[in-house]
Amino acid sequence: MWELFSNFFRIGLFTIGGGYAMIPLIEAKVVDEKRWLEREELLDLIAVAQSCPGIFAINIGIFIGYKLKGLKGAIVTTLGTALPSFLIILAIALCFQQFRDNIYVERIFRGIRPAVVALIAAPVFKMARMAKISRYNVWIPVIATLLIWMMGVSPIYVILVAGIGGYIYGQVNDGKL
Amino acid sequence: MLALFILLFLTFFQIGLFGFGGGYAMISMIQGEVVNHYHWMSNGQFTDIVAISQMTPGPIGINSATYVGYTALTNAGHAWYWGVLGSAIATFAVVLPSLILMIIISRFLMAYKHHPIVEHVFSWLRPAVVGLLAAASLCLMTEENFSTPSQCPWQFWISVGLFLFAFVSTTVYKMNPIRVICLCGVAGLLLM
């Protein structure tokens, strides 16, 4: 149990820049070194964790923990993955407020902010390829973008409606409705 | 204050529950709720969180929940220890749906992954997630993050330049995002 915690603590600690960065880490630890999972199982697990809501890294941890030790294992891996970021961000939040108004910090962040907006924009096109967007379904992301950006609709509703829409469209296509 | 704790919990539980498509899609949801809906913090403060999340280890969802939990309380004028409690509540709330759902889903979804209904739902969900990502970046292209040509042309054009630099260097040249953020921070310090 401790082994499970310490390994996922380490994975949480070294994942910089989002969930996808942690896949090679998990592969090396969980598949090659500890042999907790087969490589094929890990691939299936990635697909499931991606298609489930929530944080990708946490989802993977929960799945492996549950598979190995049941509910207790799932809680242990969740704690292990989440704790490093929680502690680090808390420390930063406690200090950052005090020197956010410092002129040099303010300048650094003036430079960083446009870069962050670009980093969020960058994966859009990569994701578009992965989501198999064609001229038949390109209206879905366009309308989703406009609803959120122009109309201020909460993304949560967009996700809900898209899921229901896909279900109904599938039923109609199969001639069940 | 109790109301704020409850709202934080419900908001982040909701975000954890509907947060499809990984960290960046989640950012769009967190921004929608925390900045646009509840006004717990400004757009600029929110962008700072994303920047800090990029530079520190851990999933962005956890990082922003922790940070928002703290900042929402301190922005409302409460002491730092209440901020720490806010952090803990938001972080717990954002992982709780995963914990519940993944355990249920890991039992069933593997068996039904190729069921037509599941495939149909995802055939619209995946493109919608792309729209979420696009909206997240468009919503952050604000005066606060870029300034404006009339208000401060110097800062505006440098911001546009840094935006293009960051976009091209990460997409075309596959530069490490952490390095890009550090370089833009140095540029900001020297130029603005």
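Every chain is numbered from 1 and lettered A, B, ... according to where its sequence line falls, protein lines coming before strand lines.
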| task | Taking all heavy atoms of A/Ala144 and all of B/Gly131, pick out the closest pair and write down the distance. | result | CB-CA, 4.1 Å
| remark: Interatomic distance, CG@A/Leu87 vs OG1@B/Thr91, rounded to 0.5 Å, equals 10.0 Å
| field | Results of salt bridge (charged side-chain N to carboxylate O under 4.0 Å, His left out) for B/Glu143 - residues two or more places apart only | value | none
| query | With sequence neighbours excluded, what pairs up with A/Lys67 under the salt bridge (charged side-chain N to carboxylate O under 4.0 Å, His left out) test? | reply | A/Glu41
| said: B/Tyr70 vs A/Leu94, test: side chain to side chain contact (heavy atoms under 4.5 Å, CB included). Steps then yes/no. | reply: CA-CA 8 Å; B/Tyr70 180 85; A/Leu94 283 167; 3.4 Å; yes
| field | Engaged part of A/Ile159 at the chain B interface, taking heavy atoms whose separation is under 4.5 Å | value | both
| By number, which residues in residues 162-173 of chain B have some heavy atom less than 4.5 Å away from chain A? | B/Leu162, B/Phe163, B/Ala166, B/Phe167, B/Thr170, B/Thr171
| field | Interchain contact, A/Ile164 with chain B, by part (heavy-atom threshold 4.5 Å) | value | neither
| said: Can you tell me which residue among A/Ile89, A/Ile55, A/Ile88 is in a side chain to side chain contact (heavy atoms under 4.5 Å, CB included) with B/Asn63? | reply: A/Ile89
| remark: Interface check, chain B: of A/Ala82, A/Gly70, A/Ser85, most non-hydrogen pairs under 4.5 Å belong to A/Ser85
| note | Bottom line for A/Tyr169: the part with an atom under 4.5 Å from chain B's heavy atoms is side chain
| note | When the 4.5 angstrom heavy-atom criterion is applied to A/Leu90 and chain B, the contacting part is both
| Pairs touching residues 81-105 of chain B that satisfy ring-ring contact (aromatic ring centres under 6.0 Å, His included), sequence neighbours left out | none
| task | May I ask you to name which of A/Tyr104, A/Phe86, A/Trp139 has the most heavy-atom pairs under 4.5 Å with chain B? | result | A/Phe86
